[in-house]
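Step one of this worksheet: look at the structure below.
What's counted below: heavy atoms across the whole structure, side chains too, no hydrogens, waters or symmetry copies.
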Amino acid sequence: MTSSHRVLTGPIRSWAAAVLFLGTLSGWTQSTGPRIAFVYPAGARQGASLELTLGGQFLDGVTNALVSGSGVTARVIEHTKPLAQQQFNALREQMRELAQKRAASLRAARRGQPNGANEWTAADQEEWLAIRKQLVLFQRRPPNPAMAETVKVQLRVASDAALDPREIRLATQSGLSNPLEFRVGNLPEYRKTQIVSTNEDELIRRGYRNNLDLQAVPTFETAIKIPATVNGQILPGGVDRYRFTARRGQQLVLTVSARELMPYLADAVPGWFQAALAVYDAKGKEVAFNDDYQFRPDPVIHFEVPRDGEYTAEIRDAIYRGREDFVYRISIGELPFITRIFPLGGRAGEKTRVQLSGWNLTASSMEIDATDQPAGVVFISAKKDQWVSNRVPFQIGTLPETLEIEPNDTPARAQALANGIILNGRIDARGDVDTFSVQGEAGQELVAEVYARRLDSPLDSVLKITDSEGKQLALNDDHEDRSSGLNTHHADSYLRVRLPANGACLIQVSDAQQRGGAEFSYRLRVSPPRPDFELRAVPSSIFARAGLSAPITVYALRKDGFNDEIAIELKNAPEGFALSGGRIPAGAEKAQLTLTSPLVPPPAPISLELAGRARAGGVELRRPVAPAEDMMQAFAYRHLVPARDLDVAVSGHWMARSVKLQTSEPVKLVPGAEAWVKLSGPGLLFSDRVQLELREAPEGVSLGKILRQRNGGELALRCDAEKARPGTRGNLIVDVVASRTPKKSTAKAQRKIVVGSLPAIPCEISAN
């Protein structure tokens, strides 16, 4: 990580200076935070030093590139923004004037006359080349706005940097960008030439009018030496080919990372780069093909080399789409790869022996030590020499565990289970139905839940619960789990039933397509309801002004009927950070909170942790709040995609006091009346110098009068008697808004800019 994040410094001691600051704030603040759409290449080898390109928008004032984890440093070296037509016209006029000056200088030189004012200087030559470069790269048809700007980053990877996946972000004067996946590997790496050349002389020589002409020849081909990882981007209609030499009998594995790197593309159908991978021999005969691996879109190929010679790996989009964010990495070689494990999990506090199956593995089993591991999902991998396999999920639970015992495919052969256990089983063959019996009492609630697809099993489970006479009590195929943000087909099953009578009930597990095999493993939880929750914080990159607050949305992913209030708190944060509105009301799926930043900004972005706390059945539950990005898939579906860090950047240094809410109790809003809220802080924020606006307020709630006081201010909250819904609970977010009138414009063209927020105001609409 680079050494610092550039901040505005120099505290402002007078309100007059503060007003001046607010007036100029809009010069460097953007209403939309920085976004990055791709990073290329999306990985690097240990010990490498290379240049990355990141594409995005709203990247003005980029100061820093941040890579999670240790062992990787990054430095921004260039930011390029496309020209608008008006800018192009102005540069073209400058070029015309320079051309006239150059011609006059040449004429004077031929005549032996002094050049005078027309003397062509080295500075003129430098300006000529700079303008020519911008003009030749101008695109009359605007590029995709989401990736129109590019940032060049110099990256260095330590030779001992961990091979774990990373995240990369850009820091600008107006905030932190979203994170993108970045890989550190240990294979030799190859890199396809960038889609767009920036060598203007070469472009002119070859007659390109603009960058779009570069897409005229979409095929790319080069030779590599395996084992290796290749990096590329796919153009519209593009096909990339990599030639390599292999020996007869080699067990080659080719793995693609594409959708893994860019989970969702909001404006592409399907909502990701759907890679298709093929291998051809020297005669052009296809020897292997794959366009997905089991249920995952990224293809994987394993094949035994039939004869010595040259082979070609070919990658393209399945429907021949492409653009800069169609980024991929392909690893090729006799590499270890785990195709399945069994069981898919084990109990916390214990060691579990796991069976391994796959290609180029040196062992058929490994021991997973969970003696000091909390419940959750960890990732395991295998090694062959210095090469590391793919990572596969392993679930650590807290219930006792047991294994499936065959035969159990009929009610008469049902395997007896205790009520409160995890069963590790698999659908061994096509049409197989695993049956289990559980004793219960009338009125007792029973939960049956399958974990399979969420643990990378291809099983598309179906759960059925019947009474002892075969009468169906409940049936489920797919159950959505919002905590599994990378799954688009939620194929795991969940049932919660109340038993009608004493005695045994039967639980049956099968595959929806009647498929089966050794890889169709699952974990079946059978237990009374275990009320619980998971938490997600969006966004994973937060930007705040010193002394003000920034909003955060925390989602509650409730389980087994848990419906109580959840308290959210900040853990081990540096001095000056504070969380306001830290609760998710009972029954609510989310709440907007605010994070207040210190008056003196930290010198660089930092990572913070949030945690949730609640009680269920007399037991206190504490759960981490995992950072996430709210991503859209192909225009419609939204997913909470996990991130690794909750990063916060603080900028500015212009307030003498932080803004604080003067009460910790929720404000009671009575329909048809006003409620007053008192806050301490700079009186400027409650004057007509700035605007205060409610963000996403509940229906019927609005902001009324604003009174400035010596040490703060008061806000009036109105509650409409006809529109307000009594019983509504939550937080009100009040934005601090400044206005800017663009040059050569009128006051009517003012642009509103959100400077920050006030601390979240907890409220409740009462019935009277």
Side chain to side chain, [X] and [Y], heavy atoms closer than 4.5 Å:
X    : Y    : result
K705 : W676 : yes
P627 : D645 : no
T172 : F543 : no
R347 : I422 : no
P762 : L661 : yes
V462 : D477 : yes
Y522 : D492 : no
L399 : S527 : yes

Are the side chain of [X] and the backbone of [Y] linked by a donor-acceptor contact shorter than 3.5 Å?
X    : Y    : answer
R183 : L163 : no
S457 : S521 : yes
N476 : Y494 : yes
S493 : S461 : yes
S484 : D481 : no

Practice task
Any chance you could lay out the side chain to side chain contact (heavy atoms under 4.5 Å, CB included) test for V736 and V754, step after step, and finish with the verdict?
Solution key: CA-CA 6 Å; V736 180; V754 177; over 6 Å; no
What I want to check is whether the side chains of [X] and [Y] have a donor and an acceptor closer together than 3.5 Å.
X    : Y    : result
N572 : E609 : no
R169 : S541 : yes
R530 : T398 : yes

Problem - Test side-chain contact (heavy atoms from CB on, under 4.5 Å) applied to P759 - qualifying residues, sequence neighbours left out - result: S549, S580, T594, T596, V659, L679
Quick check for you: to the nearest 0.5 Å, what is the distance between [X] atom [atom1] and [Y] atom [atom2]?
X    : Y    : atom1 : atom2 : result
L557 : R536 : CG    : CZ    : 5.5 Å
F533 : E589 : CZ    : CD    : 16.0 Å
H490 : H479 : NE2   : NE2   : 9.5 Å
E167 : S177 : CD    : OG    : 10.0 Å
L593 : N731 : CG    : CG    : 6.0 Å
I507 : L495 : CD1   : CG    : 8.5 Å

Got a sec: does the [atom1] of [X] have more than 12 other heavy atoms crowding it under 6.0 Å?
X    : atom1 : answer
E480 : CD    : yes
Q662 : CD    : yes
K559 : NZ    : yes
E445 : CD    : yes

Practice task
Determine, stepwise, if the pair F295 / N487 fulfils side chain to side chain contact (heavy atoms under 4.5 Å, CB included).
Solution key: CA-CA 10 Å; F295 62 90; N487 281 335; 4.3 Å; yes
Which residues pass the salt bridge (Lys or Arg N to Asp or Glu O under 4.0 Å) test with [X], sequence neighbours left out?
X    : result
D460 : none
R482 : none
R259 : none
R615 : none

Problem - Worked verdict on D164 versus V184 for side chain to side chain contact (heavy atoms under 4.5 Å, CB included) - result: CA-CA 7 Å; D164 300 333; V184 173; over 6 Å; no
Exercise for the section: Show your working on side chain to side chain donor-acceptor pair (under 3.5 Å) between S68 and R644 and close with a plain yes or no. Expected result: CA-CA 8 Å; S68 63; R644 288 171 180 80; 5.6 Å; no
Exercise for the section: Any chance you could lay out the salt bridge (charged side-chain N to carboxylate O under 4.0 Å, His left out) test for R623 and E534, step after step, and finish with the verdict? Expected result: CA-CA 7 Å; R623 300 291 180 258; E534 291 187 42; over 6 Å; no
Handout entry: Candidate pair I341 and F394, rule side chain to side chain contact (heavy atoms under 4.5 Å, CB included), full reasoning
Key = CA-CA 9 Å; I341 64 172; F394 180 86; 4.1 Å; yes
Taking [X] first and then [Y], would you say they form a salt bridge - that is, a charged N and a carboxylate O separated by under 4.0 Å?
X    : Y    : answer
R391 : E260 : no
D630 : R638 : yes
E401 : R523 : yes

How close do [X] and [Y] get, heavy atom to heavy atom, and via which atoms?
X    : Y    : result
R545 : V650 : C-CG1, 4.3 Å
P585 : R583 : CD-O, 3.8 Å
E629 : S540 : OE2-OG, 2.7 Å
Q633 : G271 : CG-CA, 4.1 Å
P605 : A649 : CG-CB, 4.1 Å
R496 : P529 : NE-CG, 4.0 Å

Show which side-chain atoms of residues 562-570 pair as donor or acceptor with protein atoms under 3.5 Å away, not counting sequence neighbours.
| from | atom 1 | to | atom 2 | distance (Å) |
| --- | --- | --- | --- | --- |
| E565 | OE1 | R729 | NH2 | 3.2 |
| E569 | OE2 | R622 | NH1 | 3.3 |

Exercise for the section: Please test Q173 against T63 for side chain to side chain donor-acceptor pair (under 3.5 Å), starting from the C-alpha separation and ending with a verdict. Expected result: CA-CA 7 Å; Q173 291 179 337; T63 59; over 6 Å; no
Completion exercise
ring pair (Phe, Tyr, Trp, His ring centres under 6.0 Å) test vs H639 passes for just one of Y555, W272, Y264, namely Y264
